[in-house]
K.L.:
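Next up is a structure, given as structure tokens.
Everything numeric in this text was worked out from a predicted model, so none of it was measured. In what follows, every chain begins at residue 1, and chains take the letters A, B, ... in the order their sequences are listed.
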Amino acid sequence: MRLTLQTLISHGRVARRMGLGPESRINMLRNILTGLVRHERIETTLARADEVRFYAEKLIDYAKKGDTDEKAMKMASFWLTEKDLVPKLFKVLAPRFEKHSQGFTRMARLPNRENLDRAKMAVLEYKGNPFPPLYPVKKENELTLINQLLKGYREEKTQELYMKCTENVTVNN
Amino acid sequence: MNLSVLIQSLRCSLLRIESRLLQASGLETNLAPALAVDGPSLPPQLHPENQLEEQQENQEQPSGLLDSILWMAAPKKRRTIEINRTRRRSESKLIKVKNNIEPCLECGHLKQKHTLCGFCYAKVSRETALIRQQINAMEGGPLRAPAVETVVLYEGETPSNQDKDKRIVERPRKRPAWFSY
């Protein structure tokens with residue numbers, strides 16, 4: 001006996017519906033992916049960025065197979081609508097991620113869009129892009145008082161150790 | 001002429017069947033108390049009596065189950081202001097308090113814990129827009145992306161060993177502190 005209603009309840013369905021249907025969804029993601037490969041950092045809605053992330057990483061996996069591979073070239077030419085990005089994909093992005101096995105993209109959430117819709121926004125980028133980083137690298141300031149005091153302490157300790165070593169050496173000699 | 005009379009008679013018979021079905025199912029509204037004598041308590045409704053009037057009054061009295069204009073729900077009493085207030089100010093209708101707001105460590109503006117700081121991102125986004133303008137100027141037209149890596153150099157910087165094969169994008173300003181090499 002079937003215990004669940006198949007229609008009208010979408011419990012557990014994880015696939016997102018975007019645009020006017022599955023074909024429209026693929027076309028939309030294709031456009032976003034082309035923009036990502038061209039600009040290497042884009043900001044879109046959270047749902048779209050999340051969907052494109054999967055396809056972006058799979059595209060790099062295909063690109064790693066090399067441009068002589070038939071399937072890889074077909075995939076690249078399908079997914080990139082602007083054909084001047086196909087050589088960029090194979091010659092720039094694939095060698096950049098040679099050492100990495102997964103995790104070629106980074107997604108971060110942004111404050112909601114300023115429009116009336118207050119949509120959730122996200123920024124999606126390929127790692128290793130030439131732009132300023134989203135998460136600024138924290139550099140310890142050498143010139144703060146505490147750091148200067150610690151530096152002096154460390155130097156004193158090394159001095160003492162050095163003195164002890166030279167004393168031991170002279171005593172032994 | 002004969003055709004219209006035929007259609008009228010068909011209509012009447014259908015309405016009669018419908019009223020009979022209603023009586024049988026018990027959904028009729030014109031109920032009356034049962035009598036000790038076996039028989040109908042109300043005189044049977046004869047539709048042929050109203051045959052001529054029905055056509056005119058069709059809009060006002062929808063027959064059958066749609067006899068609901070006289071049966072619509074309406075409030076009995078005015079809702080007092082106390083009741084209105086409790087409904088309008090119930091917890092589900094108030095704006096929820098957020099406890100995931102914290103100051104950004106870099107600039108001090110407020111941000112949500114799971115989000116990037118808006119001010120810091122605006123800074124970064126402005127700089128990337130300027131870098132992209134420079135790139136567009138260098139490319140000179142659409143669809144001319146080169147198949148080499150790009151590196152951004154600011155005033156007074158020379159390309160290092162790693163930047164040998166890369167396309168260099170010059171920005172005519174000092175390197176910002178938050179954009180380390």
Side-chain angles (χ1 to χ4, degrees), chain A residues 34-44 46 49-50 63 67 76 80-98 106-114 118-141 143, chain B residues 98 100-101 104-107 109-136 138-154 159 162-163 165-171 173 175-181:
Chain A
T34 306
L36 177 63
V37 170
R38 176 175 288 282
H39 298 116
E40 299 196 31
R41 178 185 286 176
I42 54 173
E43 67 179 71
T44 57
L46 183 66
D50 199 37
D67 58 357
L80 299 172
T81 55
E82 292 162 8
K83 303 305 171 191
D84 63 314
L85 295 172
V86 174
K88 178 179 174 183
L89 175 72
F90 284 108
K91 291 188 185 154
V92 174
L93 294 178
R96 195 197 278 178
F97 299 120
E98 240 173 339
R106 186 181 288 128
M107 187 170 82
R109 267 199 72 175
L110 295 176
N112 291 355
R113 207 195 258 157
E114 295 301 315
R118 308 302 287 180
K120 296 183 192 179
M121 298 295 277
V123 59
L124 182 63
E125 61 169 14
Y126 274 123
K127 292 184 184 170
N129 63 70
F131 301 120
L134 291 171
Y135 298 100
V137 190
K138 259 198 231 178
K139 265 192 296 198
E140 284 290 329
N141 191 1
L143 302 169
Chain B
K98 287 192 179 127
N100 55 359
I101 305 177
C104 166
L105 292 170
E106 303 290 312
C107 61
H109 285 81
L110 292 174
K111 75 183 214 32
Q112 288 207 301
K113 281 184 191 161
H114 56 282
T115 327
L116 293 182
C117 168
F119 188 78
C120 298
Y121 179 71
K123 226 171 27 177
V124 165
S125 144
R126 209 172 298 125
E127 186 61 29
T128 46
L130 293 171
I131 294 171
R132 282 205 188 117
Q133 272 179 23
Q134 191 72 25
I135 290 174
N136 278 336
M138 281 171 70
E139 285 177 5
L143 305 180
R144 279 174 223 193
V148 287
E149 292 261 12
T150 315
V151 74
V152 183
L153 292 177
Y154 287 88
Q162 298 165 332
D163 314 333
D165 320 308
K166 298 186 189 175
R167 157 177 77 158
I168 296 169
V169 176
E170 308 259 310
R171 282 275 298 130
R173 57 158 283 186
R175 180 170 281 269
W178 37 270
F179 187 3
S180 62
Y181 197 65

K.L.:
Are more than 12 heavy atoms from other residues, nucleotides or ligands located less than 6.0 Å from atom NZ of K139(A)?
P.N.:
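Counting other residues, nucleotides and ligands, NZ of K139(A) stays at 12 neighbours or fewer.
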K.L.:
Over all heavy atoms of both residues, which pair between P132(A) and E127(B) is shortest? Give the atoms and the distance, please.
P.N.:
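Reported closest heavy-atom pair: CG-CG, 4.0 Å.
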K.L.:
Just how far is it from atom NZ of K120(A) to atom OG1 of T115(B), taken to the nearest 0.5 Å?
P.N.:
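Answer for the NZ-OG1 pair, K120(A) versus T115(B), is 10.5 Å.
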K.L.:
In the structure I gave you, are the side-chain heavy atoms of I131(B) and F131(A) within less than 4.5 Å of one another anywhere?
P.N.:
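Of all side-chain heavy-atom pairs linking F131(A) with I131(B), at least one is under 4.5 Å.
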K.L.:
Could you report the tightest heavy-atom contact between P130(A) and F179(B), atom names first, then the distance?
P.N.:
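Result for this residue pair: O-CZ, 3.5 Å.
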K.L.:
Below 4.5 Å from any heavy atom of chain B, which atoms of V123(A) appear? Answer side chain, backbone, both or neither.
P.N.:
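For V123(A), the contact with chain B is made by the side chain alone.
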K.L.:
So which heavy atom on P111(A) is nearest to which on G118(B), and how close?
P.N.:
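Nearest pair, atom of P111(A) first, then G118(B): CG-CA, 3.8 Å.
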K.L.:
Counting heavy-atom pairs under 4.5 Å with chain A, which one of T128(B), V169(B), L105(B) comes out on top?
P.N.:
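Going by pairs under 4.5 Å, I would pick T128(B).
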K.L.:
If you count the non-hydrogen atoms of other residues, nucleotides and ligands that lie under 6.0 Å from NZ in K91(A), is the total more than 12?
P.N.:
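Result for NZ/K91(A): open.
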K.L.:
Quick check for you: to the nearest 0.5 Å, what is the distance between L93(A) atom CG and E149(B) atom CD?
P.N.:
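Here the rounded value is 7.5 Å.
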K.L.:
I need the R132(B) CZ to E40(A) CD distance, nearest 0.5 Å.
P.N.:
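Here the rounded value is 9.0 Å.
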K.L.:
Which atoms form the tightest heavy-atom contact between S180(B) and V137(A), and what is the distance?
P.N.:
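What the structure gives for the nearest pair is OG-CG2, 4.2 Å.
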K.L.:
If you take all heavy atoms of R38(A) and A145(B), which pair is closest and at what distance?
P.N.:
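In this case the closest contact between R38(A) and A145(B) is NH1-CB, 4.0 Å.
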K.L.:
I need the T150(B) OG1 to N129(A) CG distance, nearest 0.5 Å.
P.N.:
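Result: 10.0 Å between the selected atoms.
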K.L.:
Go through the atoms of L110(A) and report whether side chain, backbone, both or neither lie under 4.5 Å from a heavy atom of chain B.
P.N.:
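L110(A) touches chain B through backbone and side-chain heavy atoms alike.
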K.L.:
So how far is it from C117(B) SG to L134(A) CG, rounded to the nearest 0.5 Å?
P.N.:
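If we round to the nearest 0.5 Å, C117(B):SG and L134(A):CG are 12.0 Å apart.
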K.L.:
Which bit of P176(B) comes within less than 4.5 Å of chain A, counting heavy atoms only: side chain, backbone, both or neither?
P.N.:
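Answer is neither: P176(B) stays 4.5 Å or more from chain A.
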K.L.:
Looking at every non-hydrogen atom in both residues, tell me the closest pair between R144(B) and D84(A) and how far apart they are.
P.N.:
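So the two residues come closest at N-OD2, 3.3 Å.
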K.L.:
So what's closer than 4.5 Å to chain B heavy atoms on K138(A): side chain, backbone, both or neither?
P.N.:
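Side chain only.
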K.L.:
Side chain from CB out, backbone as N, CA, C, O: work out which of these in Y135(A) comes under 4.5 Å of a heavy atom of chain B, or both, or neither.
P.N.:
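Just its side chain gets close to chain B.
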